[in-house]
Amino acid sequence: ASVARQQAVPGLPTLQRYEDQDGQRRMAIALREAVRLEQITLAYQPKVALATGRLAGVEALARWVLPDGTAVPPSEFIPLAERRGLIGALGDSVMDTALAQIRAWCDDGLPAPVVAVNFSALQFQRENPTQRLALAMDRHGVPAGLLELELTESLLIGDIDVVMQSLRTFRDLGVTLSIDDFGTGYSSLAYLRRFPIQYLKIDRQFVSAMASDTSACEIVRLIVEMAHRLNLRCIAEGIETVAQLELLKAMGCDEGQGFLLARPMPPLAMDEVLAGRLPWAHLFDGEAAATQ
Ligand code: C2E
Ligand code: MG
Ligand code: MG
Ligand code: MG
């Protein structure tokens, strides 16, 4: 249905015009329109349990394709939405789509995975972010246990007390909280003391470098150890090679995510994965391979 609605929008900006003020303004208008027409879709990237090769969850990643077929990367439209006051509407739309997808998987009799949604720090500054989320979960009949929020260190900017209160409420609802891109922030360790989180995502920059750079490798090892001592789970993002995967397995890192295992995929492709056809099974022995 959403394809039929993607008629040409006159005067739609092209990416080249995005640089200047006017181009940005037009792009923001197009984004607002895309949100309104429900043209922001989600791709799902599997998270894999490294001890077994089982599916551990998925991350929902926003996708925006212009009517001319150009895909605008989230690294462009998320900051644009944040600057232009659109992140609230975009965040609501993403959450709604993710919850509807969880419901659809359940209704189709598939084992719905925990879905991790990226949550901008600015979404905490809206009125009643926790009640908004609780209502959305209710509306879709999705239990909080199937939802995870990925947060970044930008949370430390702004009113910490307000953020902290929201985080506690999310926790009390039963939503899993994780810190994304862990290790890149100037004050990452402050999170561990202050925020009621359960899960660390080790940033891709350490993972990419770990097979060739001993210090990156030791940093990853340290984060895994620290996470476990603090009773947190950890996941490595951006796994692209077998060497990286094997190092992470040997370190006891709980989960992994990356192009080697699976790329972000449309919901239909996820159905296959949920049905037990795991494209990464050959990288694991034992259980996961057995389900092939
Ligand atoms: P992120 O949350 O850290 O997501 C991981 C990004 O790394 C995704 O890029 C994913 O496609 C990419 N990735 C995964 N595995 C690999 C790999 O093995 N190698 C490489 N090179 N890349 C890999 P994507 O989808 O372009 O998203 C970029 C960022 O945009 C995300 O980083 C997140 O911060 C933000 N974002 C995406 N969707 C949303 C959303 O719905 N809301 C908010 N607030 N932010 C979002
Ligand atoms: Mg993320
Ligand atoms: Mg990340
Ligand atoms: Mg990242």
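Just follow the structure's listing: the first ligand is 1, and inside any ligand the first atom is 1.
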Discussion item. With heavy-atom distances below 4.5 Å as the criterion, would you say the side chains of Thr152 and Asn118 are in contact?
Written reply: no
Worksheet item: Side chains of Asp92 and Gln123: donor-acceptor distance under 3.5 Å anywhere?
Response: no
Item to complete: Could you tell me whether a side-chain N or O of Thr97 sits under 3.5 Å from a main-chain N or O of Ser93, the two making a donor and an acceptor?
Response: yes
Worksheet item: Do the non-hydrogen side-chain atoms of Gln198 and Glu148 ever get within less than 4.5 Å of each other?
Response: no
Fill in: Proximal candidate to atom 31 (C) of ligand 1 [heavy atom criterion; set Thr184, Leu61, Asp203]
Leu61
Worksheet item: Evaluating non-hydrogen atoms only, which member of Asn118, Leu151, Leu149, Asp181 is closest to atom 33 (C) of ligand 1?
Response: Asn118
Discussion item. Distance under 4.0 Å to a non-hydrogen atom of Val94: what atoms of ligand 1 satisfy this?
Written reply: 41 (O)
Discussion item. Just to be sure I read this right, does ligand 1 sit under 4.0 Å from the backbone of Gln257, its side chain, both, or neither, counting only heavy atoms?
Written reply: neither
Worksheet item: Under a 4.0 Å heavy-atom limit, does Lys201 contact ligand 1 with its side chain, its backbone, both, or neither?
Response: neither
Fill in: Per-atom contacts, ligand 1 versus Gln45 - under 4.0 Å to a heavy atom
14 (C), 15 (N)
Fill in: Min N/O separation Ile78 to ligand 1 under 3.5 Å
no
Discussion item. Closer than 3.5 angstrom, by distance alone: can the side chain of Gln39 be matched with the main-chain N or O of Val65 as a donor-acceptor pair?
Written reply: no
Fill in: Exam field: side chain Trp280 to backbone Leu260, donor-acceptor pair closer than 3.5 Å
no
Worksheet item: With a 4.0 Å cut-off on heavy atoms, is Glu82 touching ligand 1?
Response: no
Worksheet item: Out of Val115, Leu133, Leu90, which one pairs with Met95 under the side-chain contact (heavy atoms from CB on, under 4.5 Å) rule?
Response: Leu133
Discussion item. Suppose I only count heavy atoms of Gly238 and a 4.0 Å limit; which atoms of ligand 1 are within that range?
Written reply: 16 (C), 17 (C), 18 (O)
Worksheet item: Would a distance-only check, ignoring hydrogens and angles, find a side-chain to backbone donor-acceptor pair under 3.5 Å from Asp254 to Cys234?
Response: yes
Worksheet item: Restricting to N, O or S atoms of Glu150, which is nearest to the Mg ion (ligand 2)?
Response: OE1
Practice prompt. Start with the C-alpha distance between Gln205 and Thr184, add both sets of side-chain angles, then the distance that settles side-chain hydrogen bond (donor to acceptor under 3.5 Å, both in side chains), and finish with yes or no.
Written response: CA-CA 8 Å; Gln205 80 177 64; Thr184 54; 5.7 Å; no
Practice prompt. State, to 0.1 Å, how close Ile202 and Cys253 come at their nearest heavy-atom pair, and which atoms those are.
Written response: CD1-SG, 4.5 Å
Worksheet, complete the sentence: At under 4.0 Å between heavy atoms, what of Glu76 touches ligand 1? The answer is neither
Worksheet, complete the sentence: The atoms of ligand 1 lying under 4.0 Å from a heavy atom of Pro74, numbered in the order shown, are 24 (P), 25 (O), 26 (O), 27 (O), 30 (O), 37 (C)
Discussion item. Using 2.8 Å as the threshold, say whether any N, O or S atom from Glu59 sits that close to the Mg ion (ligand 2).
Written reply: yes
Item to complete: Please name the atom of Asp180, restricted to N, O or S, that is closest to the Mg ion (ligand 2).
Response: OD2
Worksheet entry | Nitrogen or oxygen of Gln123 less than 3.5 angstrom from that of ligand 1 | no
Response to the item:
Under 4.0 Å from one or more heavy atoms of Asp180, ligand 1 contributes atoms 1 (P), 2 (O), 3 (O)
Worksheet item: At a non-hydrogen distance cut-off of under 4.0 Å, which region of Arg263 contacts ligand 1 (side chain, backbone, both, or neither)?
Response: neither
Worksheet item: Near Pro264, which atoms of ligand 1 are under 4.0 Å from a heavy atom of that residue?
Response: 11 (O)
Practice prompt. Without swapping roles, check the side chain of Arg103 against the backbone of Gly141 for a donor-acceptor pair under 3.5 Å.
Written response: yes
Worksheet item: For ligand 1, which atoms, with element, lie under 4.0 Å from some heavy atom of Glu240?
Response: 17 (C), 18 (O), 19 (N), 20 (C), 21 (N)
Discussion item. Give the atom numbers and elements of ligand 1 that come within less than 4.0 Å of a heavy atom of Gly258.
Written reply: 15 (N), 18 (O)
Worksheet entry | Glu240 (side chain) donor-acceptor with Phe259 (main chain) under 3.5 angstrom | no
